[in-house]
Enquirer: 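Here's a structure for you.
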Amino acid sequence: MPVAGAGIIAREERQTVEAITAALAELGLAPPRPLDLRPIPFAGTWGAATSVCRALASDLVARDLDAAGETDGLSKKEIKRRVNEAVPARSQQLAEQVAAGILAQPERRFAAVEAVNGYVNISFDANAVAARLIGEVLSLGAGYGRGEARPERVMIEHSQLNTHKAAHVGHLRNICLGVALTKIIDAAGYRTMPVTYIGDIGMHVVKCLWCYERFHPGQEPEDPAARGRWLGEIYAESDRRLNFRKDVVAFVQLLSREDQVFVGAIDRLLKYLWRKNTDGEDIAYLLGRVIQAQELKPELFREDDVLPKFWPLLGDQLRDEVENQKPYVPVEGVPDPTTTPEERLETWQRLAADMDDWWYQVPAWQDEVKETFQRWERKDPDFVALWETTRRWSLDDLGRIFGEFGATFDHWFFESGAEEPGRAMVQDLLERGIAEISDGLPVVKIDQKLGLTTETYRTLPILRSDGTTLYATKDLALTRQKFDEFGVDRALWVVDLRQSLYFQQIKKILELAGYERAADAEYVGYEWVALPEGVISSRKGNVPLFADLERETLERAHAVIAEKNPDLPADDKERVARQVGLGAIQYAMLARDNTKVIVYDPEEALSFDGHAAPYVQYAHARACRILERAERTDEATAATLDGLDFGTLEPTELALLQAIAALPDEVQRAAAEFRPLVIASHVYDLAKRFNDFYHACPVLQSEEPTRTARLALVAATRRALANELGLLGIAAPEEM
RNA sequence: GCGCCCGUAGCUCAGCGGAUAGAGCGCUUGCCUCCGGAGCAAGAGGUCGCGUGUUCGAGUCACGCCGGGCGUACCA
């Protein structure tokens, strides 16, 4: 509960606090807590209200009852009931006394002082405050909303993307969040240091390069800009190949769970297989498991080709189910199926295409990947060279994506650079007895070291048993480096919420090792992005890639602009389409609280109506157009501010002014809570109020001096909208 | 088992212990000779998951349930 805000109305609020405090003192009272102030919640008012009389009234009532001896012998509950009965009237009475006291103060500084519902409502001189507010907005310009400079340096680690792998919508949330947080924390007055941490080594790289060497040796897209994305496709292919057996088994498992027709047809399948002379024991095992929806263990098959042989038969069955569909009947206690017969047939077909080839090769491929991993581990020169080349391809692509969202970094950390310091750190932890070897690998038993008896931080492995590094190995070293080498005061991790335990573990281990600065590392978690149909998973093959999303959104933005503003020159159309399209994506990622799962609905994201960035951008463009038509620059407007006269302010004007005035406080709150949502909500509210205003109040057609006053308000609004969109990393087009 | 997150309108979500809980989408009905209709106005739609506390006051804080999601020693 801020007593005085950070913006222009802070002065009004200070005066209000002083007046109330003085009036209370006259009555021999003091507020029990710091005086609470909030805007008067009625349309058509501009001022501050306090509920202090309600809090005081309950004390007074209780005291009076007690003094009058009326509480003797009553139960606690009954006393409370009596107090509650009397509080409303008493607080209103008190509020009236306070209001009268303020009005009696020699210097009458307020437009109105009223007692309503036990609140004291103090109205500002709206015309005067409006002129001061608009003056401040216009003179500060892009700096309106910024807080006072603070010496503290905050490092913000975000956008931890991988090379050799495509970015998807989940990464997008991280980028948008990181960019917005950096800008917001900067605007709050801190010195920011945005950094990223790129996963340029690890199993995904090995798999990608294995697949590249094995199936696409020497290949390379013509267009250099497409190489990074192409590499991502190679990785996806490696994943499909290496997981082929797992995918097949998972699919059969899924059928046994939710395809009742299939399970019911087992008998037929059994006869068929028997006629084909397939090994009886495997069949018995397979069918037995399927019919009871139990876990399949392919390694228990005596013959390796049971599933390939089984496959055509399975296809016949699935085709039959599609052709002769029966209406779905829910069964008590059986979960509804997550797939339709068509989808099941489609999956079967996709797997069938490679069954006879891939099924038999998977074990050999897996061995090859292990060999490839060894080449990385012993720094095989050819392999390292290939890694360096392809890494560059990916980094170029990442640079393009970062550029698109305005992500800039003061430093890039790489996993490849953190391995050695990490190993040294593990060695040190082992020598000091903080880490120990357990089951053949170095771990830190955190709870035990902290003397905790309830499991809290558990145990964290910090190096693999074969000596290769884990994420933890590297993060331990990296976190120290942030403070020791970069000298920051605080370090933020912007990372998926699912890793919250992990980051607590890292902090605790560093604290155990005596690095007190670990306490200044903070974790900003965010929930993941899901699709309307459910979880995003590479297994289900439903991962919406950033590249696809971007293309679809930009196409849609082009179409909308062509329809809404056909006269725009082609270059502007192109630019505005990018601003609107990317803005819509960014807003969708930011207008949800960090801890909430974003259900990403492509349909909704592509509609630019309603609660979305284009609505705000449109309000900005409208404001620009009004000012343009009035031929009024900000400088010209600033010259009109002396004696600015709105006459009697309309409710929509007051509402708009209040939203503009609130911006600096909103920035502080968003920064303190690490929540860009605060800004996203506020800027939408601001745009909405602007819409209300210009529909209710003519600007260009109104009479002087109202016309000049309203133009000044439009200028301030435009500035506030642009600044807030800027804090979110979203462009503010002047026309669209 | 233990821990973290979520539960507010049909759906997706806001809501800083305070006055009559708000948006968007969808639905119904109006509004372009009028600063750009990516807009505006009006209507319908709520046991704020349940319970017990704390408080003058609880959607908001605490505790306990219920429901869903995610973690929980060699993934990142």
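Labels below follow one simple rule: chain letters A, B, ... track the order of the sequence lines, proteins then strands, and each chain is numbered from 1. Being a predicted model, the structure only gives us computed values, none of them experimental.
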Enquirer: So if I take every side-chain heavy atom of A:S58 and compare against B:G71, B:C56, B:C74, which nucleotide ends up nearest?
Expert: B:C56
Enquirer: Measure up the A:Y615 and A:Y684 rings against each other and bin them: parallel (under 30°), tilted (30 to 60°), perpendicular (over 60°).
Expert: tilted
Enquirer: Classify the nucleic acid contact of A:E563 as base, sugar-phosphate or nothing, counting any heavy atom under 4.0 Å across all strands shown.
Expert: nothing
Enquirer: Would a line drawn from the ring center of A:Y587 to the ring center of A:H611 be shorter than 6.0 Å?
Expert: yes
Enquirer: What's the gap between B:C5 and B:G10 when it is taken at their P atoms, as a whole Å value?
Expert: 27 Å
Enquirer: Is there, by distance only and without an angle test, a donor paired with an acceptor across the side chain of A:E527 and the base of B:C4 below 3.5 Å?
Expert: no
Enquirer: Using both distances under 3.5 Å as the test, list the Watson-Crick or G-U wobble partner of B:C65, or none.
Expert: B:G49
Enquirer: Let's test this: given Watson-Crick or G-U wobble pairing with both distances under 3.5 Å, identify the partner of B:G24.
Expert: B:C11
Enquirer: Which one, B:A38, B:A73, B:G15, comes nearest to the side chain of A:L677?
Expert: B:G15
Enquirer: Side chain of A:D692 only, heavy atoms from C-beta on: which candidate in B:G18, B:G36, B:A41 is closest?
Expert: B:A41
Enquirer: Taking 4.0 Å as the cut-off, does a side-chain nitrogen or oxygen of A:R498 come that near to OP1 or OP2 on B:C6?
Expert: no
Enquirer: Side chain of A:A55: nearest nucleotide among B:C56, B:C75, B:C70?
Expert: B:C56
Enquirer: Could you identify the nucleotide paired to B:A41, looking across every strand shown and requiring Watson-Crick or G-U wobble geometry with both distances under 3.5 Å?
Expert: B:U29
Enquirer: So, are A:R689 and A:D685 salt-bridged, with charged N and O less than 4.0 Å apart?
Expert: yes
Enquirer: Measure from the side-chain heavy atoms of A:K596 and tell me the nearest of B:C6, B:U12, B:A19.
Expert: B:C6
Enquirer: Between B:A19 and A:S51, counting only base atoms on the nucleotide and side-chain atoms on the residue, is there a donor-acceptor pair under 3.5 Å?
Expert: no
Enquirer: Report which part of the nucleic acid A:D59 touches: base, sugar-phosphate, or nothing (heavy-atom distance under 4.0 Å, all strands).
Expert: nothing
Enquirer: Which listed nucleotide (B:C74, B:C16, B:G24) is nearest to the side chain of A:E666?
Expert: B:C16
Enquirer: Can you check whether A:R464 has a side-chain N or O nearer than 4.0 Å to OP1 or OP2 of B:A76?
Expert: yes
Enquirer: Would you indicate which nucleotide in B:A19, B:A38, B:U12 comes nearest to any side-chain atom of A:Y618?
Expert: B:A38
Enquirer: Run the ring pair (Phe, Tyr, Trp, His ring centres under 6.0 Å) test against A:F413 and tell me which residues pass, sequence neighbours left out.
Expert: A:H411, A:F486
Enquirer: Please measure how far the C1' atom in B:C40 lies from the corresponding atom in B:C35, and state the result in whole Å.
Expert: 14 Å
Enquirer: Strictly below 4.0 Å, N to O, side chains only: are A:R464 and A:D466 in salt-bridge contact?
Expert: no
Enquirer: Quick one: list whatever passes side-chain contact (heavy atoms from CB on, under 4.5 Å) with A:E704, sequence neighbours left out.
Expert: A:R707, A:T708
Enquirer: For the aromatic rings, using the six-membered ring if either is Trp, is the centroid distance between A:Y523 and A:W493 under 6.0 Å?
Expert: no
Enquirer: Tell which nucleotide pairs with B:G1, taking only Watson-Crick or G-U wobble pairs whose two distances are both under 3.5 angstrom.
Expert: B:U72
Enquirer: Can you say whether the rings of A:F693 and A:F690 are parallel (under 30°), tilted (30 to 60°) or perpendicular (over 60°)?
Expert: tilted
Enquirer: Both distances below 3.5 Å, Watson-Crick or wobble geometry, any strand: find the nucleotide opposite B:C35.
Expert: none
Enquirer: Please give the distance between the P atoms of B:A41 and B:C6 as a whole number of Å.
Expert: 33 Å
Enquirer: When you compare the ring of A:Y615 with the six-membered ring of B:A38's base, are the centres less than 5.5 Å apart and the planes under 30° from each other?
Expert: no
Enquirer: Using only side-chain N and O atoms of A:N84, determine if any of them is under 4.0 Å from OP1 or OP2 of B:G57.
Expert: yes
Enquirer: Would you say A:E734 has more than 12 foreign heavy atoms packed within less than 6.0 Å of its CD?
Expert: no
Enquirer: Starting the side chain at C-beta, find the nucleotide from B:C5, B:C34, B:G69 nearest to A:T595.
Expert: B:C5
Enquirer: For B:G18, what is the paired nucleotide under Watson-Crick or G-U wobble rules, both distances under 3.5 Å?
Expert: B:C56
Enquirer: Counting distance alone, no hydrogens or angles: does the base of B:A38 have a donor or acceptor under 3.5 Å from a partner atom on the side chain of A:N691?
Expert: no
Enquirer: Is there a donor on the side chain of A:E455 or the base of B:G1 sitting less than 3.5 Å from an acceptor on the other?
Expert: yes
Enquirer: OP1 or OP2 of B:G18 less than 4.0 angstrom from a side-chain nitrogen or oxygen of A:R38, does that happen here?
Expert: yes
Enquirer: So, is B:C56 syn or anti if syn means the angle is within 90° of 0?
Expert: anti
Enquirer: Select one nucleotide: of B:C56, B:C74, B:G36, the one nearest the side-chain heavy atoms of A:R629.
Expert: B:G36
Enquirer: Between N or O atoms, less than 3.5 Å apart, protein on one side and nucleotides 59-68 of chain B on the other: list the pairs.
Expert:
none

